[in-house]
Protein chains: 2
Amino acid sequence: MDRRARASQKRRRLTAAAARVLHEQGVERTTLADIAREAGVPVGNVYYYFKTKDELVRAALAEHQAHLDELTAALDELPAPRDRLKALVEAWTAQRETAARHGCPTGTLAVELDKRADGTLDAEAGAVVRRLLDWTAAQFRQWGLPAPDDHALTLVSAYQGMSLLANALRDPDIMTREGARLLRWLDSLEVSP
Amino acid sequence: MDRRARASQKRRRLTAAAARVLHEQGVERTTLADIAREAGVPVGNVYYYFKTKDELVRAALAEHQAHLDELTAALDELPAPRDRLKALVEAWTAQRETAARHGCPTGTLAVELDKRADGTLDAEAGAVVRRLLDWTAAQFRQWGLPAPDDHALTLVSAYQGMSLLANALRDPDIMTREGARLLRWLDSLEVSP
DNA sequence: GTCTATAGGCAGATAGAC
DNA sequence: GTCTATCTGCCTATAGAC
């Protein structure tokens, strides 16, 4: 393995650690030392890969975006839009323990970043949310339902809401109950003849 | 005005300032100096009224709780449970500009406090959310609908979700669209004969 | 009760040896 | 490229004058 490969591997370790720790502890309570320790990299060395803490946050956001793209790409393999959306809901429910402990990675990050006067990073968090919203709307549109954007808003909003409540009340069961309702809702929707 | 009254007035000013500033900037990014300035109180003097920063956060949470209790008390004046719930949704929609800028005060506070290892304050944030959930469930129950707890979860979850998305995308219109849908949903619910 | 001055500690960032 | 040592600044909290 040459120097270039090793370097980018450390960068990747730092990015993965940042995504994980920032989700668990939040941006403000996480120190560079926390991320460095988790990645097995000395603190001072972090600055060779990321010039500022904000750049690490940016990298973590990109990591979450990538995970989301992976998920939707897998769902795109399913033939029927309704089944893709149901599989999405099932993926959310499967993450109920994590959601109860730390909330939705993107959602909680967006909340925290929106509190900052500096309005650069919060726009990037919004972009990740928007991408999910767009993918969801595309499914409803392909399905042939009217007002696909409104349906997408309802579905993603329900996800963010149930994640927040599960987190606030530390109760994964909330994800199960709301997830089941969303599945029934998707089953009940029909294209008008 | 005697000394006692003046003292508690300063305390109240600090509490109100804390509730406002902590909602706008978040807990971690808000310094005691920020709150003191907003309340017109010298920084060092804060400690006469609140021994720690956490106590100020606690006071802010209690303030939000009190606002919520005021709102539900007013709604309790309406005769029909359905109308109380619809008025609740309308109250949420009316706050759309604030929600788009800073999110739901209780919801965003809960998200932030849940990131802390110290598990004392996050339980208190959860309690505020739970109180809203309980009041909402009581309305559905009195209305005579089955599974009032599930209906309450759906409604409050929708509120948290739409507030988060409105905030993340900085778009108050999201509150309007989802609020209108929730009103239609409440109108569509009927007690089975 | 009110306020000033300051202690104490920690986190982000940098300089520079290797 | 890697890492150690350290600087700087800010924030919570306290001591103590008035």
Side-chain angles (χ1 to χ4, degrees), chain A residues 1-61 109 112-113 115-118 120-121, chain B residues 1-61 109 112-113 115-118 120-121:
Chain A
M1 195 187 298
D2 65 2
R3 269 173 300 187
R4 176 83 139 278
R6 258 211 320 274
S8 55
Q9 211 202 355
K10 271 201 180 177
R11 187 175 226 283
R12 231 176 287 131
R13 280 222 310 275
L14 279 167
T15 304
R20 191 169 53 252
V21 181
L22 289 176
H23 176 212
E24 291 172 5
Q25 308 187 347
V27 177
E28 304 296 339
R29 290 189 80 86
T30 298
T31 68
L32 294 176
D34 290 336
I35 297 173
R37 193 185 327 115
E38 191 78 5
V41 170
V43 204
N45 199 0
V46 172
Y47 286 94
Y48 178 74
Y49 299 98
F50 299 93
K51 273 184 268 299
T52 63
K53 183 180 180 180
D54 274 9
E55 287 209 11
L56 262 169
V57 177
R58 221 180 291 274
L61 269 173
L109 217 45
E112 211 178 349
L113 294 175
K115 297 296 184 196
R116 307 175 27 156
D118 173 320
T120 48
L121 274 173
Chain B
M1 195 187 298
D2 67 0
R3 268 173 301 187
R4 176 83 139 276
R6 257 211 320 275
S8 55
Q9 212 202 353
K10 273 201 179 176
R11 187 175 226 283
R12 232 175 287 131
R13 281 222 309 277
L14 280 167
T15 304
R20 190 168 54 252
V21 181
L22 290 176
H23 176 211
E24 291 173 4
Q25 309 187 346
V27 176
E28 304 296 339
R29 292 189 78 86
T30 298
T31 68
L32 294 176
D34 289 336
I35 297 174
R37 192 186 329 115
E38 192 77 6
V41 170
V43 204
N45 198 2
V46 171
Y47 286 91
Y48 178 74
Y49 300 98
F50 300 92
K51 272 184 268 298
T52 63
K53 183 180 179 181
D54 274 9
E55 286 209 11
L56 263 170
V57 177
R58 223 179 290 273
L61 269 173
L109 216 46
E112 212 178 350
L113 294 176
K115 297 296 182 195
R116 308 176 26 156
D118 172 319
T120 48
L121 274 173

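Below, chains carry the letters A, B, ... as their sequence lines are ordered, and counting in each starts from 1.
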What string of B, S and - do you get for nucleotides 3-18 of chain C, 5' to 3', if B is base contact, S is sugar-phosphate-only contact and - is no contact with any protein heavy atom under 4.0 Å?
-> BB------SSBB----

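Both tests do not hold together for Arg12(A) against Tyr49(A): distance to the six-membered ring centre under 6.0 Å, angle to the ring axis within 45°. A cation-pi geometry, defined here as NZ or CZ lying under 6.0 Å from the six-membered ring centre and within 45° of its normal, does not hold between Arg58(A) and Phe50(A).
Across the protein-nucleic acid pair, Phe50(B) atom CZ and dT14(D) atom P stand 16 Å apart, rounded to whole Å. The distance from atom CZ of Arg29(A) to atom C1' of dC11(D) is 13 Å, rounded to the nearest whole Å.
Applying the salt bridge (Lys or Arg N to Asp or Glu O under 4.0 Å) test to Arg13(A) and every residue at least two apart in sequence or in another chain returns nothing. Taking Glu38(B) as the reference, Arg20(B) meet the salt bridge (Lys or Arg N to Asp or Glu O under 4.0 Å) condition, with sequence neighbours excluded.
The pair Arg29(A)-Glu28(B) meets the salt-bridge criterion, since a charged nitrogen lies less than 4.0 angstrom from a carboxylate oxygen.
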